[in-house]
Amino acid sequence: QLVESGGGLVQAGGSLRLSCAASGRTFNTYSMGWFRQAPGKEREFVATISWNGITTDYADPVKGRFTISRDNAGNTVFLQMNSLKPEDTAVYYCAASLTPTPRRASLYNYWGQGTQVTVSS
């Protein structure tokens with residue numbers, strides 16, 4: 001089970017830190033990813049991190065502004081979002097995959113329920 005938290009309303013240029021808490025004893029065998037879905041749009045890849053935290057990958061629109069990290073001891077993955085823009089407004093989902101750092105949503109095995117991020121201009 002994956003449970004996201006940390007979403008909210010923030011002004012453009014601000015920051016938010018999303019958390020995703022995972023249950024189970026095999027968290028450190030999964031790559032973890034963040035996706036987002038804006039109203040009327042398809043779910044899109046944001047970032048992913050390998051099981052050991054060494055490898056990360058980011059979508060171009062967030063590169064340099066967002067940072068994905070994980071704490072395997074605490075079964076948690078984070079998404080630090082800085083310099084937020086109104087176009088970052090979306091429901092953000094975390095997901096777990098047995099495939100190494102995939103970008104495709106279909107390669108993720110488990111999904112959280114999502115957390116809303118709203119960036120005002």
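What you are looking at is a predicted structure, and each value in this text was computed from that prediction instead of being measured.
- In terms of heavy-atom proximity, Pro86 sits nearest to Ser121 at CG-CB, 3.8 Å.
- Partners of Thr115 by side chain to side chain contact (heavy atoms under 4.5 Å, CB included), not counting sequence neighbours, listed by chain and number: Glu4, Leu18, Tyr92.
- Thr56 OG1 to Met32 CE: the interatomic distance, rounded to the nearest 0.5 Å, is 14.5 Å.
- To the nearest 0.5 Å, atoms OG1 (Thr67) and CD1 (Ile49) are separated by 10.0 Å.
- A donor-acceptor pair is defined here as one N or O able to donate and one able to accept, closer than 3.5 Å; such a pair exists between the side chain of Asn109 and the backbone of Leu98.
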Run the numbers on Lys85 and Asp88 for salt bridge (Lys or Arg N to Asp or Glu O under 4.0 Å), then give the verdict. CA-CA 5 Å; Lys85 304 175 181 180; Asp88 294 319; over 6 Å; no
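- In this structure, the side chains of Gln37 and Tyr93 come closer than 4.5 Å at one or more pairs of heavy atoms.
- Taking the six-membered ring wherever Trp is involved, the centroid distance between the rings of Phe35 and Trp111 falls below 6.0 Å.
- Taking the ring centre of Phe27 as origin, the terminal cationic atom of Arg70 falls inside the region bounded by 6.0 Å and 45° from the ring axis.
- Sorted pairs that involve residues 106-121 and meet salt bridge (charged side-chain N to carboxylate O under 4.0 Å, His left out), not counting sequence neighbours, are lacking altogether.
- Enclosure of atom NZ in Lys41 is not indicated, since only 12 or fewer non-hydrogen atoms of other residues, nucleotides or ligands lie within 6.0 angstrom.
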Identify all side-chain donor-acceptor contacts of residues 73-84 below 3.5 Å with residues at least two apart in sequence or on another chain.
unit_1 : atom_1 : unit_2 : atom_2 : d
Asn75  : ND2    : Ala22  : O      : 3.4
Asn75  : ND2    : Gly24  : O      : 2.8
Thr76  : OG1    : Gly74  : O      : 2.9
Gln80  : NE2    : Asn82  : OD1    : 2.9
Asn82  : OD1    : Ser15  : OG     : 2.9

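- Here the closest non-hydrogen pair linking Ser120 and Leu9 is CB-CD1, 4.3 Å.
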Stepwise side chain to side chain donor-acceptor pair (under 3.5 Å) test for Tyr108 and Thr48: CA-CA 11 Å; Tyr108 284 80; Thr48 184; 3.1 Å; yes
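- Taking the six-membered ring for Trp and the full ring otherwise, the centers of Phe45 and Tyr58 sit at least 6.0 Å from each other.
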